Amino acid sequence: MNPFTIPFSVAAEHIPGLLSGQVVRYGAILKDASTGRILGHVQETGIAQKIIQSGLSFDPTGVTGLIGVAQNIAIARKLDAMQQALGSLQVVQYASLFSSVVGVGVTAASTAMILKRLSAVDDALSTIEASIGDLPTKWRELSLRSRLVDVSTSVERLHEASLRSDGSKVVLQVEKDLQKGFNHVHDGLCSVVVETKVNPGLLRALLAGLSLCGASEFKALVWLDEKDAAQHRSRVQFEKLRQLAFLMPRNQLASRLGGDEELSFGISRECSEIRYRVASQPALIQSLIGSDINGRAYIEQIQQEEKEPLLLLPTPENN
């Protein structure tokens, strides 16, 4: 399939509805608030990734949370089309749609962007290790930081795959390695979060690493056009994230964070956002299957988009 025949529409037309409440976002899905009908699957594009990389901050230690915020209106104004349609204030609100670590839709996130975020996570963990003498025992036993370094190596190989003659073989191995990395970091988080005293920076950095690892694994399967496997893996990841959520109810988490209710709420919200995004991925895959769209073609088109920051893949019945 020619990658430029994928029936995308401009998602910006739904932003007024999102701001008014007539349209709601669930992970990477947009729904009609009154009927619950799925309008389509929202995906940030290559141009949006450039804006994020140059103009948004990322701080996994918790100062800004897992989502970057517009540093100033001048940066937001780089989104010229959005600026003209919505005005400065709403463009800043629009920036909040790029939720979670790699954005609303994960497949467009360039490997360079993911590597940059993983590097920020590693820097944060290095700072935490240097400043905390009583890190959880499981932290040292599981070597979580070195595991995330392995994840970075896998993402680097994913970045090179399209340049290699054996690219599909490389990505197959990368996907296996990322699955191991996701499971390892998830198990580590499950151990860390039940400690009597939990360091918020450590928790947020590990959540960021888990999300990036899971997103990269999903992207690898979509790139391979292994749609059934991608759909299944998303469901497996969701169950693991739900297991993690059961271990960190907000009241108990607040106690483990020294009684900080606001901090507990913020971390719980971030964890929920990651979970919702993963939960929305099987519906995206079903739409790709229903419209007979090749996974790699889908990724390539949204990454090559240089005009619209958001595109929407309508559900098959809306095409």
Side-chain angles (χ1 to χ4, degrees), residues 52-72 75 95 98-103 109-156 159 178 181-216 241 244 247-248 253-271 273-274:
I52 293 172
Q53 191 158 4
S54 64
L56 298 182
S57 61
F58 173 63
D59 177 13
T61 64
V63 175
T64 58
L66 294 183
I67 177 174
V69 294
Q71 292 179 329
N72 53 57
I75 289 172
F98 295 110
S99 55
S100 185
V101 179
V102 289
S110 68
T111 46
M113 168 66 76
I114 295 173
L115 284 167
K116 180 178 180 180
R117 298 291 176 95
L118 283 168
S119 177
V121 170
D122 185 66
D123 289 345
L125 292 176
S126 175
T127 300
I128 291 166
E129 285 183 338
S131 62
I132 300 177
D134 57 345
L135 281 167
T137 303
K138 281 290 183 180
W139 169 261
R140 304 190 187 283
E141 290 178 355
L142 292 170
S143 302
L144 293 175
R145 188 180 170 199
S146 64
R147 178 63 70 172
L148 287 171
V149 171
D150 292 341
V151 169
S152 294
T153 301
S154 295
V155 174
E156 286 177 357
H159 183 63
L178 289 170
F182 181 91
N183 291 339
H184 194 97
V185 176
H186 170 266
D187 291 347
L189 261 168
C190 288
S191 298
V192 168
V193 79
V194 296
E195 294 281 332
T196 304
K197 184 178 180 181
V198 177
N199 178 273
L202 177 61
L203 178 55
R204 272 189 157 126
L206 289 178
L207 276 172
L210 183 71
S211 181
L212 288 163
C213 186
S216 301
L241 289 166
L244 177 63
L247 296 176
M248 47 185 288
L253 182 60
S255 175
R256 294 165 188 165
L257 293 171
D260 194 324
E261 294 283 351
E262 184 177 352
L263 185 57
S264 172
F265 175 77
I267 292 177
S268 295
R269 181 179 56 195
E270 291 159 359
C271 193
E273 179 61 47
I274 295 169

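Heads up: numbering here begins at 1 and tracks the sequence. Note that the structure is predicted; figures quoted are calculated from it, not measured.
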Could you tell me which non-hydrogen atom of [X] sits nearest to which non-hydrogen atom of [Y], and how far apart they are?
X: V121; Y: A205; value: CG1-O, 3.5 Å
X: V198; Y: L257; value: O-CD2, 3.4 Å
X: S268; Y: L253; value: OG-CD2, 3.9 Å
X: P200; Y: L263; value: CB-CD2, 3.6 Å
X: G181; Y: C213; value: C-SG, 3.8 Å

Whether S216 side chain and L212 backbone form a donor-acceptor pair below 3.5 Å = yes
Are the side chain of R256 and the backbone N or O of V193 linked by a donor-acceptor pair below 3.5 Å?
-> yes
Distance check, rounded to the nearest 0.5 Å: [X] atom [atom1] versus [Y] atom [atom2]?
X: R269; Y: C271; atom1: CZ; atom2: SG; result: 12.5 Å
X: T127; Y: L202; atom1: OG1; atom2: CG; result: 12.0 Å
X: S211; Y: L206; atom1: OG; atom2: CG; result: 12.5 Å
X: M248; Y: L203; atom1: CE; atom2: CG; result: 5.5 Å
X: R204; Y: N199; atom1: CZ; atom2: CG; result: 11.0 Å
X: L189; Y: L247; atom1: CG; atom2: CG; result: 10.0 Å

Evaluate the side-chain proximity of L148 to D122: yes if any heavy-atom separation is below 4.5 Å, no if none is.
-> no
Residues in side-chain hydrogen bond (donor to acceptor under 3.5 Å, both in side chains) contact with H186, at least two apart in sequence or another chain = none
Those residues that, when tested against N183, pass side chain to side chain contact (heavy atoms under 4.5 Å, CB included) (two or more places apart) = Q179, K240
